[in-house]
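First up is the structure itself, then whatever we jot down about it.
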Amino acid sequence: MSSTLWHGRFAGGPSEALQALNDSLPFDRRMFREDIAGSRAHVRMLCDVGLLTDIERDTVVAALDTVEQEIESETFEFAINDEDIHTAVERRVTELEPAGAKMHTGRSRNDQVATDVRLWTRGAIDEVVELIVRIQRTLLASAEAAGDAYLPGYTHLQHAQPVALSHHLLAHGWALARDVDRLTDARRRVDVSALGAGALAGSSLPLDPEKTAEYLGFAGVFENSLDGVSDRDFGAETLFALALLGVHLSRIGEELILWASSEFAFVELDDGFSTGSSMMPQKKNPDIAELARGKAGRLVGHLTGFLTTLKGLPLTYNKDMQEDKEPLFDAVDTVRLTLLALDGMISTIRFRTDRMAEVASSPYAAATDLAEWLVASGMPFRQAHAVVGEIVRKALAGGGSLSDLVAADDQLGPEAAALLEPGISVTRRTTRGGGSPAAVVDQLIRFRARLDG
Ligand code: ARG
């Protein structure tokens with residue numbers, strides 16, 4: 001009896017074309033640990049409810065251990081009819097131990113695969129969160145090391161107001177903190193066992209789904225067997241959180257690309273985290289940052305592909321759902337590689353703070369400070385904006401330096417002109433969450449508390 005799991009009902013074997021399309025083993029074998037853990041829990045539960053003897057339980061669990069070692073050490077021999085990892089494990093367990101034929105009692109691959117993917121995703125989220133925290137710590141360390149350094153803050157990629165470098169770095173850190181929140185929140189809905197839902201409708205056998213869930217360390221159990229086998233929301237949510245994380249990393253990437261250009265020259269990349277050109281000897285390229293930018297497309301694609309697969313699927317399990325694994329696996333692999341490389345890139349980067357200060361010191365960057373100075377002495381903001389705007393226009397039209405014009409102005413004068421000195425403007429925005437080095441001191445404390453908390 002070599003053959004498929006349904007050989008009893010079928011006179012002939014599967015065609016090659018069917019197998020090539022249908023088999024998920026090439027990609028789902030990476031869930032072998034989760035599949036074996038699920039089977040161990042199921043077998044223990046079957047024994048608890050009297051469907052297996054203690055001896056049968058122990059021998060099947062021992063066979064599962066052997067299979068795990070075989071797959072780990074790559075001595076496991078997959079067979080042509082091993083359609084997926086579930087089939088392969090069960091086939092081998094039964095070869096090793098006849099009681100293995102009882103392992104699938106009260107279970108379907110439908111509740112089995114849903115449980116495996118949930119277990120896998122739960123572990124993957126934990127791993128990704130750790131890597132996000134790592135890059136957040138790097139941003140924190142860079143922010144702390146940045147001291148009073150400042151650079152132009154931008155809107156529309158035009159100089160807006162100077163901000164502390166630490167402020168800028170932490171902005172990315174906070175976005176990543178929300179990614180951690182989102183993944184942690186999605187994890188709550190991932191952390192639910194589907195085992196015991198059977199093919200779709202539960203079982204006539206006295207199964208105990210709560211026990212299985214407990215053995216697997218799940219926080220919850222499905223409430224409805226139909227939903228239990230067909231719910232893939234958890235995958236969609238996880239993919240959304242990963243896609244948005246990818247979008248955040250792409251923004252960091254884009255800034256590093258700009259900053260590394262000769263035009264900005266705000267950073268110098270470490271040799272270990274940049275590439276050269278095969279033709280142009282002078283080149284040093286920010287490939288990691290470009291890939292961080294580029295990979296976001298792939299992550300967004302996985303999310304939209306996944307949602308499209310789910311759309312319109314009638315209850316309950318449909319083979320379309322086999323398409324849930326590759327996007328999840330690839331999304332996790334992609335963010336893992338990107339986070340690690342970007343972390344290395346940022347932790348070795350040299351910030352050219354002299355250059356940043358030089359670029360940020362244009363007196364025009366302090367125009368808002370002049371208007372706010374007038375407001376502090378009682379002028380309505382709209383009027384102050386117009387007064388300063390007129391002086392800026394005059395200076396730009398060649399009517400004198402901004403600083404001379406401000407000093408000579410009745411309403412402004414020398415005290416206001418002093419605000420235009422390099423490095424003064426940045427110190428003035430001391431409100432909570434603001435861009436001055438002094439305001440960032442509080443922010444650093446809150447950010448560190450979040451990471452440590
Ligand atoms: N390989 C399948 C998957 O990944 C396992 C579930 C198969 N279920 C079935 N009814 N054919 O979805």
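Counting starts at 1 for both ligands and their atoms, following the listed order.
At a threshold of 4.0 Å, the pair Glu72-Arg33 counts as salt-bridged, since one of the basic side-chain nitrogens sits closer than that to a carboxylate oxygen. Note on Arg92 versus Asp82: no salt bridge recorded, every NZ/NE/NH1/NH2 to OD/OE distance being 4.0 Å or above. In this structure, Glu68 pairs ionically with Arg40, as a charged nitrogen and a carboxylate oxygen lie closer than 4.0 Å.
Residue Ser24 has at least one heavy-atom neighbour below 4.0 Å for each of these atoms of ligand 1: 1 (N).
Atom 2 (C) of ligand 1 has Gln322 OE1, 3.2 Å as its closest protein atom, hydrogens excluded (heavy atom only). Nearest protein neighbour of atom 11 (N) of ligand 1, counting heavy atoms only, is Arg109 NH2, 3.5 Å. Given atom 12 (O) of ligand 1, the protein heavy atom at minimum distance is Tyr317 OH, 2.4 Å. Looking from atom 5 (C) of ligand 1 to the surrounding protein, the closest heavy atom is Asp84 OD2, 3.5 Å.
At least one N/O-N/O distance between Asn110 and ligand 1 falls below 3.5 Å. Of the polar atoms of Lys325, at least one N or O is found under 3.5 Å from an N or O of ligand 1, judged by distance alone.
Heavy-atom neighbours of Arg189 CZ from other residues, nucleotides or ligands within 6.0 Å: above the threshold of 12.
Contact of the Val192 side chain with the Asp231 side chain is not registered, since no non-hydrogen atoms from C-beta on lie closer than 4.5 Å.
Of all the heavy atoms of Gln112, none lies under 4.0 Å from any atom of ligand 1, so neither backbone nor side chain is involved.
Residues forming a salt bridge (charged side-chain N to carboxylate O under 4.0 Å, His left out) with Glu372 (at least two apart in sequence, or on another chain): none.
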